[in-house]
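All values below were derived from every heavy atom in this structure, side-chain atoms included, with hydrogens, water molecules and symmetry-related copies excluded. Chain letters run A, B, ... following the sequence lines, proteins first, then strands; residues in each count from 1.
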2 protein chains.
Amino acid sequence: MAHAHNKASGARSAAINEGLANVLFDVWLVSRATTALIDTAVQASGLDADEFAIYSVLASTDGITPTELARWMAAPTTTVSSYVKRFERRGHVRRTSNPADGRSHVVTLTAAGRQAHAAAGELFSPVLDEATQLLGTDVDETHVRLQALHDIVATMSTRDSDSSQG
Amino acid sequence: MAHAHNKASGARSAAINEGLANVLFDVWLVSRATTALIDTAVQASGLDADEFAIYSVLASTDGITPTELARWMAAPTTTVSSYVKRFERRGHVRRTSNPADGRSHVVTLTAAGRQAHAAAGELFSPVLDEATQLLGTDVDETHVRLQALHDIVATMSTRDSDSSQG
DNA sequence: TGTATATAGTGCGATATCGCACTAGTGATG
DNA sequence: CATCACTAGTGCGATATCGCACTATATACA
């Protein structure tokens, strides 16, 4: 991602919203704004928003295969493959062989990787705090709605790609 | 985006969620899953999820400048610039001069562009319907939460980029 | 009205994303 | 234990994204 550009329309022009008022479009808009915000926030750490998210996943798993990661973040395996290669080049990630499957391997954050993640986390924290504070009592509700929506979308995706062949 | 890959983990592995339970991370996950889903859904129309979203914005505005569009979708102007160029190459978009500002111009969907958007819309519709149906009575609440979150994030972004120089 | 500063948009180059085709290893079936 | 369909992962090439530097126009202000 790494755009971290300037300005966003705080006051949404109502006229444009006509015909655009649906949850999936909402997700798109929110996500773009959020990514931009976090890109800017964590920029100094050398990570962008997507990378920070991925490092977070890695940090909370100790050990995940590229395919699992790809499913998790709904990305093509080739994309994950190049992410891992990049992170490895930075010395932030290590591959260890997967005892359970010889074709596969397990990806883990190195100490440097955890440190980079922590640094980005320091920058991310106040942003999350402010957003949380602005949401006020709605935080939990928002979280629940997002989780529910994710489950729905994930289920739909899974069904679509499973058994394409009848 | 245009990934439209395979499979997503329908059942979220609870263990991984530790430390990842925050609204902004939620947004990232939902958005990735949604984009993947819509990429696949509208693929046959020749548009990807992002393009469909942008065409939707264009369709509901008749006439927007690149900068306005960039603010709307929280993208760098260079990115919007290449989007517009691409759409123009496809014959889906037309530029007309902006009477209000000589540096600028107004971007509009052509008839072919509206048609492409409609075609993608046909493919998108059932997906939105199903998601809506699965959300049930929560749709409105979800929509409201997403809008609220968007306003918050947009406000934060705007403040950050306004008056960087004191 | 002349000069300074800010904004709209683009060309270009570096890097990222991801589809296709491929290799290597797995697991089921006879 | 041979065969065969299937899955994990990667190299490569086409295209997309976006920062930097630049041009053209607009606005502020003396």
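Grouping the Ile, Leu, Val, Met, Phe, Trp and Tyr side chains by contacts below 4.5 angstrom, directly or via other members, places A:Ile64 apart from A:Val106.
Following rounding to the nearest Å, A:Met73 (CE) and C:dA16 (C1') show an atom-to-atom distance of 12 Å. The CZ atom of A:Phe87 sits 10 Å away from the P atom of C:dA16 (whole-angstrom rounding). At whole-Å resolution of the value, CG in B:Asp50 and C1' in D:dA16 are 11 Å apart. Between A:Leu69 atom CG and D:dT7 atom C1' the separation is 17 Å, expressed in whole Å. In this structure, CG of A:Asp48 is placed 11 Å from C1' of D:dC18, rounded to the nearest angstrom. At whole-Å resolution of the value, CD1 in A:Ile64 and C1' in D:dA8 are 14 Å apart.
A search for side chain to side chain contact (heavy atoms under 4.5 Å, CB included) contacts involving B:Thr34 returns A:Leu24, A:Val27, A:Val153, B:Val30, B:Ile38, not counting sequence neighbours. By the side chain to side chain donor-acceptor pair (under 3.5 Å) test, B:Arg90 pairs with B:Glu51, B:Tyr55, sequence neighbours left out.
Phosphate proximity of C:dC18 to A:Tyr83: absent, as no side-chain N or O sits under 4.0 Å from OP1 or OP2. Phosphate contact (OP1/OP2 of D:dC18, side-chain N/O of B:Thr79, threshold under 4.0 Å): present.
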With sugar-phosphate taken as primed atoms, P, OP1 and OP2 and all else as base, the protein-contact string of nucleotides 9-15 of chain C at under 4.0 Å (heavy atoms; B, S, -) is SBB----
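Between A:Ser82 and A:Asp101, the residue anchored nearer the 5' end of DNA chain C, judged by the nucleotide with its closest heavy atom, is A:Ser82.
Sequence neighbours left out, the pairs with a member in residues 100-111 of chain B that pass side chain to side chain donor-acceptor pair (under 3.5 Å) are B:Arg95-B:His105, B:Asn98-B:Ser104, B:Asp101-B:Arg103.
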Give every donor-acceptor pair under 3.5 Å between a side-chain atom in residues 134-146 of chain A and any protein atom, sequence neighbours left out.
unit_1, atom_1, unit_2, atom_2, d
A:Asp138, OD2, B:Arg145, NH1, 3.1
A:Glu141, OE2, A:Arg145, NE, 2.9
A:Glu141, OE2, A:Arg145, NH2, 2.7
A:Thr142, OG1, A:Asp138, O, 2.8
A:His143, ND1, B:Asp26, OD2, 2.4
A:Arg145, NH1, B:Asp138, OD2, 3.1

Would you list the atom pairs, donor with acceptor, under 3.5 Å between side chains in residues 122-130 of chain B and any protein atom, with sequence neighbours excluded?
unit_1, atom_1, unit_2, atom_2, d
B:Glu130, OE1, A:Arg159, NH2, 3.0
B:Glu130, OE2, A:Arg159, NH2, 2.5

